[in-house]
Amino acid sequence: MSVAEPLSHTEGQEQVDARTALRIEHLSKTFPGQRALDEVDFEISRGEICALVGQNGSGKSTLIKILSGFHKPDAGCAVWLGREPIEMVAHHGMLRHGVRFIHQDLSLVPSLSIRENLALDDIGRRRLAPLRSRQERARASRLLMAFGLTIDPDTLVSALTRFEQSAVEIVRALAAIDNEDVHLLVLDEPTSSMGAAEVQQLFTTLRQVKDMGIAVLYVSHTLPEVLEIADRVTVLRDGRIVADRDVAEITEKELIELIVGHSIEHASPPAPRAEGEAPILAVHELTLGGLQKASFAVCKHEILGITGLIGSGYEQVGRCLSGFANWEHGTVVIDGKPFEQFTPGTAIRAGLVAMPADRTKAGLIPQFTIAENVTLPDMSFFWKHGRLNYKAERADVLHWIRATGVVPPDPGRLVQELSGGNQQKVLLAKALRLRPRVLCLSEPTQAVDVGAAATIRHLITDLATDDRAIVVCSSDAEELVQVCQRVLITRGGHIATELTGDEITEDRIIAESQFEGSAR
């Protein structure tokens with residue numbers, strides 16, 4: 001199909017049968033100086049879950065944006081939804097054809113309630129019909145319960161956690177399915193803010209959607225999830241489809257090689273630290289929200305992992321160490337100096353730099369250049385006589401973005417123009433420029449492709465060879481296995497388990513995260 005000679009439009013239309021949900025032929029998209037998609041042929045059947053994978057820049061986002069009506073394809077493209085040939089039109093037109101999108105950047109209105117957000121798509125159909133709050137509330141409750149959510153439908157979206165917002169976005173699409181309007185559901189990185197339990201909850205829902213005869217296009221960088229949930233996987237590389245396989249016929253290793261075009265060497269943790277060494281970072285009975293009396297220490301050359309289920313408390317460690325959250329109780333000691341509280345500025349001056357999980361909302365200003373983002377925490381070196389030395393700033397930024405492998409290595413490039421993996425490298429360059437003694441990384445490879453993730457993990461292990469301590473707060477068990485010498489696992493707000501050496505395996509981390517036992 002995808003890698004064979006393309007069919008003519010007439011031949012394609014003859015082969016579109018009742019099982020076809022979406023068929024695309026000769027899809028190309030050219031931007032100034034770049035051909036993002038090149039003669040893509042693609043088909044997905046009703047009741048099928050097809051995964052679309054590829055590195056950042058491979059063309060996935062462009063394809064999704066064309067489907068949603070954000071971009072217009074080059075001339076010569078033919079598209080069928082079911083047996084009906086259609087024009088690629090604005091988003092509302094695709095909605096009329098029964099396509100629903102769940103984007104990585106959620107489209108909910110934070111100032112409205114869940115019930116009101118779920119009702120937005122119905123307003124156009126009602127025209128002048130009155131709003132019926134009681135019926136809306138009952139319907140919203142039923143849809144939320146179908147996804148396993150016991151949330152009051154009148155709760156404001158702004159008061160929800162990131163996972164709950166993602167779940168409501170999915171429920172909003174299911175509301176359209178409830179009205180028998182949907183033929184294709186497109187999900188773009190739906191699990192980026194979910195833990196293992198929430199992912200399985202989503203997969204249960206997607207299997208129900210599949211059983212209803214609805215096609216699901218699942219876009220993700222998380223390959224184990226892809227191989228678990230999808231029936232078929234399509235690989236994009238450099239704007240072309242290079243493979244289209246049943247998941248039963250492909251291994252994760254083979255899939256990675258198809259995505260990047262070559263094999264990838266996994267990172268491995270540095271050698272264990274020397275015994276009896278004084279810690280650079282010591283945390284005593286740290287308490288904030290769901291985290292209760294957490295104590296641990298990290299020495300130089302050591303990478304400590306902290307993980308658990310979403311809501312178990314591990315996420316709070318990064319918030320506390322960054323200085324963005326005032327912990328309720330406890331002490332943080334850096335190089336022997338105790339802190340009862342500190343701000344981000346205090347933490348940086350003490351030698352502790354934290355990289356947040358949400359790079360676009362808490363770590364970077366997308367509308368600023370790479371240089372502006374990297375130097376923003378400390379520009380004192382470039383100010384002379386009240387003026388900024390742009391030449392010195394550019395030279396300094398070039399050093400750090402080359403050290404972290406940012407592509408392109410252009411300090412003047414806007415961050416919003418970079419791929420997710422390169423944005424993450426900019427965030428790492430911003431942290432390293434401050435020359436931290438302690439580096440705290442929250443979800444360092446979240447929502448980046450396999451190639452960028454491998455690069456970042458190698459960078460983390462290389463950084464530990466310097467005289468610094470590293471804390472990695474991550475929900476990715478594979479990541480922790482590759483980079484950490486020790487892993488702490490939180491359950492019920494407490495540090496419940498410590499794994500070292502050969503104990504650190506993906507199966508053990510996942511099992512210990514879900515084990516209902518007593519915390520230490």
Side-chain angles (χ1 to χ4, degrees), residues 31 34 36-37 51-65 68 70-71 101-107 162 165-166 169 186-194 199 217-226 235-239 255-256 259-261 264 267 318 355-370 373-374 400-401 404-410 413-432 441-460 472-476 478-479:
F31 297 102
Q34 178 191 11
L37 292 172
L52 181 66
V53 300
Q55 295 194 86
N56 288 323
S58 63
K60 302 190 310 298
S61 295
T62 302
L63 192 152
I64 298 303
K65 287 178 179 178
S68 66
F70 186 82
H71 290 317
F101 297 85
I102 298 170
H103 296 286
Q104 191 172 351
D105 297 324
L106 303 179
S107 62
R162 174 73 182 183
Q165 290 180 6
S166 299
E169 186 82 82
V186 181
L187 298 98
D188 186 6
E189 296 292 346
T191 64
S192 60
S193 61
M194 298 184 187
V199 170
L217 182 58
Y218 188 91
V219 183
S220 178
H221 290 307
T222 311
L223 301 188
E225 292 178 7
V226 164
V235 182
L236 270 173
R237 190 170 72 233
D238 298 327
L255 188 53
I256 290 172
I259 290 170
V260 300
I264 285 182
M355 197 169 94
D358 193 332
R359 59 179 174 262
T360 57
K361 291 185 178 179
L364 300 170
I365 303 176
Q367 300 81 8
F368 280 19
T369 65
I370 294 174
N373 274 279
V374 170
W400 291 108
I401 63 178
T404 53
V406 176
V407 179
D410 176 9
R413 181 67 67 96
L414 295 179
V415 163
Q416 65 188 8
E417 296 174 354
L418 303 178
S419 68
N422 282 299
Q423 288 183 8
Q424 200 73 351
K425 292 174 188 176
V426 170
L427 191 57
L428 189 57
K430 177 182 175 182
L432 293 179
L441 309 174
S442 294
E443 307 293 353
T445 60
Q446 180 172 273
V448 305
D449 64 62
V450 289
T455 299
I456 291 169
R457 289 167 185 171
H458 280 290
L459 281 169
I460 293 170
V472 178
C473 302
S474 176
S475 58
D476 189 331
E478 179 186 20
E479 178 164 86

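The first residue of the sequence shown is numbered 1, and numbering continues consecutively from there.
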Any [X] side-chain heavy atom under 4.5 Å of [Y] side chain:
{"X": "I259", "Y": "L223", "value": "yes"}
{"X": "K425", "Y": "T455", "value": "yes"}
{"X": "V415", "Y": "I365", "value": "no"}
{"X": "P366", "Y": "N373", "value": "no"}

[X] side chain to [Y] main-chain N or O, any donor-acceptor pair under 3.5 Å?
{"X": "K60", "Y": "G54", "result": "yes"}
{"X": "K430", "Y": "L364", "result": "no"}
{"X": "Q424", "Y": "P444", "result": "yes"}

Roughly how far, to the nearest 0.5 Å, is the [atom2] atom of [Y] from the [atom1] atom of [X]?
{"X": "E189", "Y": "I102", "atom1": "CD", "atom2": "CD1", "result": "13.0 Å"}
{"X": "L432", "Y": "L459", "atom1": "CG", "atom2": "CG", "result": "8.0 Å"}
{"X": "L217", "Y": "I64", "atom1": "CG", "atom2": "CD1", "result": "5.0 Å"}
{"X": "I456", "Y": "Q446", "atom1": "CD1", "atom2": "CD", "result": "11.5 Å"}
{"X": "L428", "Y": "I401", "atom1": "CG", "atom2": "CD1", "result": "12.5 Å"}
{"X": "S58", "Y": "L52", "atom1": "OG", "atom2": "CG", "result": "7.0 Å"}

Over all heavy atoms of both residues, which pair between [X] and [Y] is shortest? Give the atoms and the distance, please.
{"X": "C473", "Y": "G318", "answer": "SG-N, 4.1 Å"}
{"X": "G421", "Y": "V448", "answer": "CA-CG1, 3.6 Å"}
{"X": "Q423", "Y": "L418", "answer": "NE2-O, 3.3 Å"}
{"X": "R359", "Y": "A447", "answer": "NH2-O, 3.4 Å"}
{"X": "V260", "Y": "R237", "answer": "C-CD, 4.1 Å"}

For [X], enumerate each residue passing the side chain to side chain contact (heavy atoms under 4.5 Å, CB included) test, keeping only those at least two apart in sequence or located in another chain.
{"X": "D238", "result": "none"}
{"X": "E225", "result": "T191, V199, F203, Y218, S220, T222"}
{"X": "L414", "result": "T369, Q416, E417"}
{"X": "R457", "result": "A267, T445, A453, D476, E478, E479, Q482, V483"}

Verdict with supporting geometry, V450 and L255, side-chain contact (heavy atoms from CB on, under 4.5 Å): CA-CA 10 Å; V450 289; L255 188 53; over 6 Å; no

Pairing residues for S419 by the side-chain hydrogen bond (donor to acceptor under 3.5 Å, both in side chains) criterion, not counting sequence neighbours: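 Counting only residues at least two positions away or on another chain, S419 forms a side-chain hydrogen bond (donor to acceptor under 3.5 Å, both in side chains) with N422.
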
Partners meeting salt bridge (charged side-chain N to carboxylate O under 4.0 Å, His left out) with E443 (sequence neighbours left out): none

